Asker: 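Next up is a structure, given as structure tokens.
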Amino acid sequence: MRSSLRFLRIRSGAVGLAVVVFVVAVAFFGRYVAPHDPNAPIGVPLTGPSSTAHLGTDFLGRDVLSRLLYGGRSVIGLAAA
């Protein structure tokens with residue numbers, strides 16, 4: 001194994017890489033699995049988790065989970081810049 005991938009032999013290194021790959025995959029593919037349009041109001045503002053909004057709604061009634069999934073790509077791009 002190459003010396004640059006030596007950290008994969010350690011369990012914490014492999015788990016860390018898996019977490020990073022998962023976060024990046026969610027950031028890039030999240031917009032395709034988001035349950036709602038991130039800008040459309042779907043319910044009463046500031047409600048808690050429910051069957052329609054799994055993380056609740058924000059102060060304008062928009063789905064927090066959809067906004068989180070859509071925003072991941074821009075955050076990753078900003079971090080890379």
Side-chain angles (χ1 to χ4, degrees):
M1 187 174 280
R2 293 180 23 198
S3 63
S4 62
L5 298 177
R6 191 178 335 176
F7 71 93
L8 290 176
R9 293 182 193 166
I10 303 169
R11 183 178 178 147
S12 62
V15 169
L17 180 66
V19 168
V20 168
V21 167
F22 176 74
V23 168
V24 170
V26 167
F28 282 115
F29 300 113
R31 67 177 32 201
Y32 303 112
V33 296
H36 302 286
D37 180 24
N39 297 320
I42 63 159
V44 179
L46 299 175
T47 58
S50 66
S51 62
T52 57
H54 298 294
L55 294 180
T57 59
D58 64 0
F59 67 98
L60 292 175
R62 301 173 295 195
D63 183 30
V64 175
L65 176 63
S66 295
R67 295 184 62 77
L68 181 83
L69 291 173
Y70 266 79
R73 181 182 273 177
S74 61
V75 170
I76 295 292
L78 187 63

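Heavy-atom basis, side chains included; hydrogens, waters and symmetry copies ignored. Predicted model only: the values in this text are computed from it and were never measured.
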Asker: Should we count CZ of Phe7 as having more than 12 external heavy atoms under 6.0 Å?
Answerer: yes
Asker: Tabulate below the donor-acceptor pairs under 3.5 Å that side-chain atoms of residues 39-47 make, not counting sequence neighbours, or state none.
Answerer:
{"residue": "Asn39", "atom": "OD1", "partner": "Arg67", "partner atom": "NH1", "Å": "3.3"}
{"residue": "Thr47", "atom": "OG1", "partner": "Val44", "partner atom": "O", "Å": "3.4"}
{"residue": "Thr47", "atom": "OG1", "partner": "Thr57", "partner atom": "OG1", "Å": "3.0"}

Asker: From Ser12 OG over to Leu17 CG, what is the distance, rounded to the nearest 0.5 angstrom?
Answerer: 11.5 Å
Asker: Write down the atom of Arg62, the atom of Pro38, and the distance for their closest heavy-atom approach.
Answerer: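 What the structure gives for the nearest pair is CD-O, 3.5 Å.
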Asker: I'd like to know if the side chain of His36 reaches the main chain of Thr52, judged simply by a donor and an acceptor atom lying under 3.5 Å from each other, with no hydrogens or angles considered.
Answerer: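 Looks like yes, one N/O pair under 3.5 Å.
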Asker: Using every non-hydrogen atom in the two residues, find where Gly13 and Leu8 come nearest and quote the distance to one decimal.
Answerer: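 Answer, listing the atom of Gly13 first, then Leu8: O-CD2, 4.4 Å.
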Asker: Do you reckon Phe22 sits in the same ILVMFWY cluster as Leu65, going by side-chain contacts under 4.5 Å, direct or chained?
Answerer: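 Same cluster.
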Asker: Do Leu55 and Val33 land in one hydrophobic cluster if side-chain heavy atoms of ILVMFWY residues count as linked below 4.5 Å?
Answerer: yes
Asker: State, to 0.1 Å, how close Leu69 and Ala34 come at their nearest heavy-atom pair, and which atoms those are.
Answerer: CD1-CA, 3.8 Å
Asker: Let me check something: do Leu68 and Leu60 share a hydrophobic cluster, defined by ILVMFWY side-chain heavy atoms less than 4.5 Å apart, either directly or through other members?
Answerer: no
Asker: Nearest 0.5 Å, please: how far is CG in Asp37 from CZ in Arg31?
Answerer: 10.5 Å
